[in-house]
Every structure is written in C-alpha cells, then in structure tokens.
2 protein chains.
Amino acid sequence: MNTTSTYTVILETGYRLFAEHGFEKTSMAMIAKEVGISKPALYYHFLSKEAIIDVLFEEICKDIGFASFFNVQDYSKDNFEEKLIFDGLSIISKQKEDDNYSRIMNQYQALGYRNPKYSRKLLDSLDGFTVGFVELLRHGASIGAMADKDTLIKAQMLTMIIDSMDNFMSYGFEYGYEDIWTKAVKAIVLEDAVK
Amino acid sequence: MNTTSTYTVILETGYRLFAEHGFEKTSMAMIAKEVGISKPALYYHFLSKEAIIDVLFEEICKDIGFASFFNVQDYSKDNFEEKLIFDGLSIISKQKEDDNYSRIMNQYQALGYRNPKYSRKLLDSLDGFTVGFVELLRHGASIGAMADKDTLIKAQMLTMIIDSMDNFMSYGFEYGYEDIWTKAVKAIVLEDAVK
DNA sequence: GTCTATAGAGCGATAGAC
DNA sequence: GTCTATCGCTCTATAGAC
C-alpha cells in the first residue's frame, strides 16, 4: 500500500489537527492548507468532514484491542504476576509515545455521548479488555497462579485502572503509574490471604 | 439570593444544553430561545458564550471537592474500612443522580487539553482527592486501622478508581461498581500481609 | 432588561474548468 | 486529481430603540 498517497497524508494530518484543535475547530480549509491541496481536492478524497473522522476512528480502533498487549498463552505459573505487570506497563509506554491519542479519544467519547455509532465501538473496546482480563485471570487460576474468586470484579478493576492511567497520563498528571499498576496486580493476584 | 433570576435560569439552561449538545453545537440563540429571551438579552447578562462556560465551570468546581465526601475526623479504628467504602459509594450515588455531569466534565477536559485555564482547576480537583486520601490513609495508619506503607501510591490508586468509576458510569457501562470499590478499599487496607 | 435588525466572519459543501 | 470561485447557511456579537 502506498503510505504517502494524498489519502493517507490527509488522514495523518487530520489526526494531528483534530488532536490539537478538536473536531469542531478544525475546518476542512485548515486540513487542506496543511496537506497542501485545495478544499475541493480534499472533498474528492473524502465525502465529508465526518467521513474523515469516521475513517480515523476505524483505524484507531484496530490498534487498541486487548490482544495487542496481552497474550494469554504466554502466561505460566512462574511468570504470571510478573508478565501481567510487564504487559500492563507496555500500554503505559505506548501511551507516552503519542500525546495525541488521548486527546482524540476524549473527543470520540464526547461524540459517543450523543451518537451510538461512536459509543458502541468504545464500549466494545473496553468490554474486550474486561473479557480478556477475565480469560487471563481464569487461566491464572487454572494453572494455580492465583485464586479463582471474584474474577469478573477483578477484571473490571484492571480495565478501569488501565483506562484511567491513560487518562491521567494524557493530562500530565505525574503519578507513580508503574507502582500503581504493580500494586493493583499484586493485590489481585495475592488476594484472599485474608477475609 | 434570588435563584429564579434570569441570570440563574441562563446558567441552568446552559448546563443542560451544553451537556446535551456540547459547547460548540449549543449556540447562544438556542440558549436564548430555551430561556425565553432574545439573544441580546442573553448578552446583557453574559459578555460572551465563553463567559457562561467559565461561570458554569466555577460553580461545578465548588461542588466536587474531596471534603464534600470524606470527613477525616469521623474515621475511627473500628469504622475505618467500612466508612471509607461507604463514603466512596456516596460519590457513585451522587453520580447516578446527574447524567449531565460527566458529559459536561468530558468537555471541560477537552478544553483543558488546549487551555490551561481549564486544566489547572481539573488538576487541582484531582490533586485534592489524592491529598485528601493521603491524609485519610495516614490517619488510618496512626490509629492502627492499616499499615503505614506506600501511602501516596495507594491514594493515587483510589483517586484513579473514583475518577474512572464516574467515567464508566456515565457511559452506561454496567460494572459492579460497589464491588469494585469495596474490593479496592479492602485490598488497600488489608495489604502487606504478604510481600 | 429586553427588544428588532443586522453586521461580519467562517463554515461545509459544490459547480464547473482543466 | 486538482483548481478558482462561490453558494447558502449558521455563528458570535453589536447597534440602537424602548
């Protein structure tokens, strides 16, 4: 695929400008100017502004699946806790590389409040994490790495913490993310020594 | 104070319309029409659209302090864990009463990405929660209700979970919030039996 | 404090030529 | 596939009367 086609340049430019100024304050004229073409040329490639926003959304959603970060089959009794911590931290690392990501997602979340077309995919993505964590924790229980208890609640908790870390990081909040994730995982894996 | 003055009606109407349609898609004409006055009358009360948004932000920020939900002096050794769970759940309850709240905050977050005027207060608010939790956990340690260890990390974790629950709830995610919060608190209070 | 009327700018999108 | 020119609309904000 030609990754320097006008089509692709438009998408990359749109991603950057949308993140920087927001969907509404980024006009088609701004995108066209930044790409170096005229407005009608932009409309030749995309039927509307919404079309650009939607195609970008599709592309982003492809990359944020649970399976991109966690591979259940690699988890053994010996490395379970350690690997769960490591894979979670890899999400944090990826996040640090792209400042624009959270800004864009914040806007798709806003769109989702008013249009189920966007909320459905966001919910699916988060649900994928929860389902993935459930599977992972069940696997952990089956190999004796942790207790088989409250798996759904634990999975939901991990999902929320992952999502929240993204959020806080994008806002420049200087939290001890590595320590928080580590503590959360340890609390969940080691749980049930008490109560 | 006259709570049915035009000024107040404008703020209440703005809050509702901004939550429903977003800042950008809510025009001054829409607000004026909904309030039942003309556009210039609206401009008599507020110098600009941004002024309405800013005054609303001030009002909202007043209500979301840590101290509104947690009172450190009420926590004793006997009720510590139970009360921490209860007060956290009271935030969830409040959240459930106002669908508009998270939608509005999502937008102030978006504004904060591009204007420190908004991000500063949001960061202060979250920081207030972290500082409050640190104080609360230190108090818990001093009265022997929990271990005096990793207090900052624990406080940050609780802050993130509270914030994330708000977020997920507003999106209609049917999570076991009560159970998640309860488990998080227990994990933090009971921690250090191991490691 | 509220109105009618309007200025002035920017927007998404298109016509039609090349 | 790209251009110049422009349409039609909506927006924030104001002038000036009452």
Side-chain angles (χ1 to χ4, degrees), chain A residues 1-58 103-104 107-108 110-115 117-118, chain B residues 1-58 103-104 107-108 110-115 117-118:
Chain A
M1 191 198 284
N2 183 5
T3 53
T4 53
S5 65
T6 305
Y7 181 89
T8 310
V9 173
I10 291 170
L11 283 181
E12 287 164 357
T13 306
Y15 182 81
R16 188 164 44 81
L17 292 180
F18 285 146
E20 199 168 340
H21 308 290
F23 290 146
E24 319 243 16
K25 295 223 162 137
T26 303
S27 69
M28 292 298 263
M30 285 169 66
I31 298 174
K33 187 178 179 183
E34 190 82 3
V35 172
I37 57 177
S38 67
K39 217 164 34 155
L42 187 52
Y43 276 96
Y44 171 83
H45 293 281
F46 292 91
L47 285 173
S48 65
K49 185 177 171 179
E50 191 182 358
I52 302 180
I53 292 172
D54 288 0
V55 170
L56 272 178
F57 193 40
E58 300 284 340
R103 297 181 180 214
I104 285 272
Q107 293 177 80
Y108 284 115
L111 292 183
Y113 280 129
R114 288 142 206 132
N115 188 337
K117 175 171 70 174
Y118 302 100
Chain B
M1 192 198 281
N2 183 5
T3 54
T4 54
S5 66
T6 303
Y7 181 90
T8 310
V9 174
I10 291 170
L11 283 180
E12 286 164 357
T13 306
Y15 182 82
R16 188 164 43 82
L17 292 180
F18 284 145
E20 198 167 341
H21 308 290
F23 289 146
E24 319 243 14
K25 296 224 161 132
T26 303
S27 67
M28 292 298 263
M30 285 169 67
I31 297 174
K33 187 178 179 183
E34 190 82 1
V35 172
I37 58 175
S38 68
K39 223 171 16 165
L42 187 52
Y43 276 96
Y44 171 81
H45 293 281
F46 292 91
L47 285 174
S48 66
K49 185 178 172 180
E50 193 181 357
I52 303 180
I53 292 173
D54 288 0
V55 170
L56 271 178
F57 193 40
E58 300 282 341
R103 296 182 180 213
I104 285 273
Q107 292 177 80
Y108 284 114
L111 292 183
Y113 280 128
R114 287 141 208 131
N115 188 336
K117 175 171 70 173
Y118 302 101

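Throughout, protein chains are lettered first and strands after them, A, B, ... in sequence-line order, and every chain is numbered starting at 1. Treat the numbers as computed from the prediction; the structure is a model and nothing was measured.
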Can you give me the closest heavy-atom contact between A:Leu42 and A:Met28, atom names plus distance? CD2-O, 3.2 Å
Any donor and acceptor pair, going by atom type alone, linking the side chain of A:Arg16 with main-chain N or O of A:Glu12 inside 3.5 Å? no
When you measure from the side chain of A:Lys49, which nucleotide among C:dT2, D:dT12, C:dA13 comes out closest? C:dA13
Residue B:Lys39, side-chain heavy atoms: nucleotide from C:dT6, D:dC3, C:dT2 that is nearest: C:dT6
B:Lys117 NZ: over 12 foreign heavy atoms closer than 6.0 Å: yes
Can you check the A:Ile37 CD1 to C:dC18 P distance for me, whole Å? 21 Å
By nearest atom, which of the nucleotides D:dT12, C:dG12, C:dC3 is closest to the B:Ser38 side chain? C:dC3
In whole angstrom, give the distance that lies between atom OH of A:Tyr44 and atom C1' of C:dG16. 16 Å
Protein-nucleotide distance (B:Phe46, atom CZ; C:dG1, atom C1'), rounded to Å: 14 Å
How many whole angstroms separate atom CD1 of B:Ile53 from atom C1' of D:dT12? 12 Å
Between D:dC11 atom P and B:Glu50 atom CD, what is the distance in whole Å? 18 Å
Are any of A:Tyr43's side-chain N or O atoms less than 4.0 Å away from OP1 or OP2 of C:dA13? yes
How close or far is atom P of C:dC11 from atom NZ of B:Lys25, stated in whole angstroms? 15 Å
Whole-Å distance separating the CE atom of A:Met30 from the P atom of C:dA13: 16 Å
So which nucleotide from C:dC11, D:dT12, C:dG1 ends up closest to the side chain of A:Ser27? C:dC11
So which of B:Tyr113, B:Phe57, B:Phe18 actually passes ring pair (Phe, Tyr, Trp, His ring centres under 6.0 Å) with B:Tyr108? B:Phe57
If you check the A:Pro40 side chain, which of C:dA15, C:dG12, D:dG1 turns out closest? C:dA15
Less than 4.5 Å apart, side chain to side chain, heavy atoms only: is that true for A:Thr6 and A:Ile10? yes
I need the OH-P distance between A:Tyr7 and D:dT2, as an integer number of Å. 14 Å
Please pick, from D:dC11, C:dT2, C:dC3, the nucleotide with the shortest atom-to-atom distance to any side-chain atom of B:Thr6. C:dT2
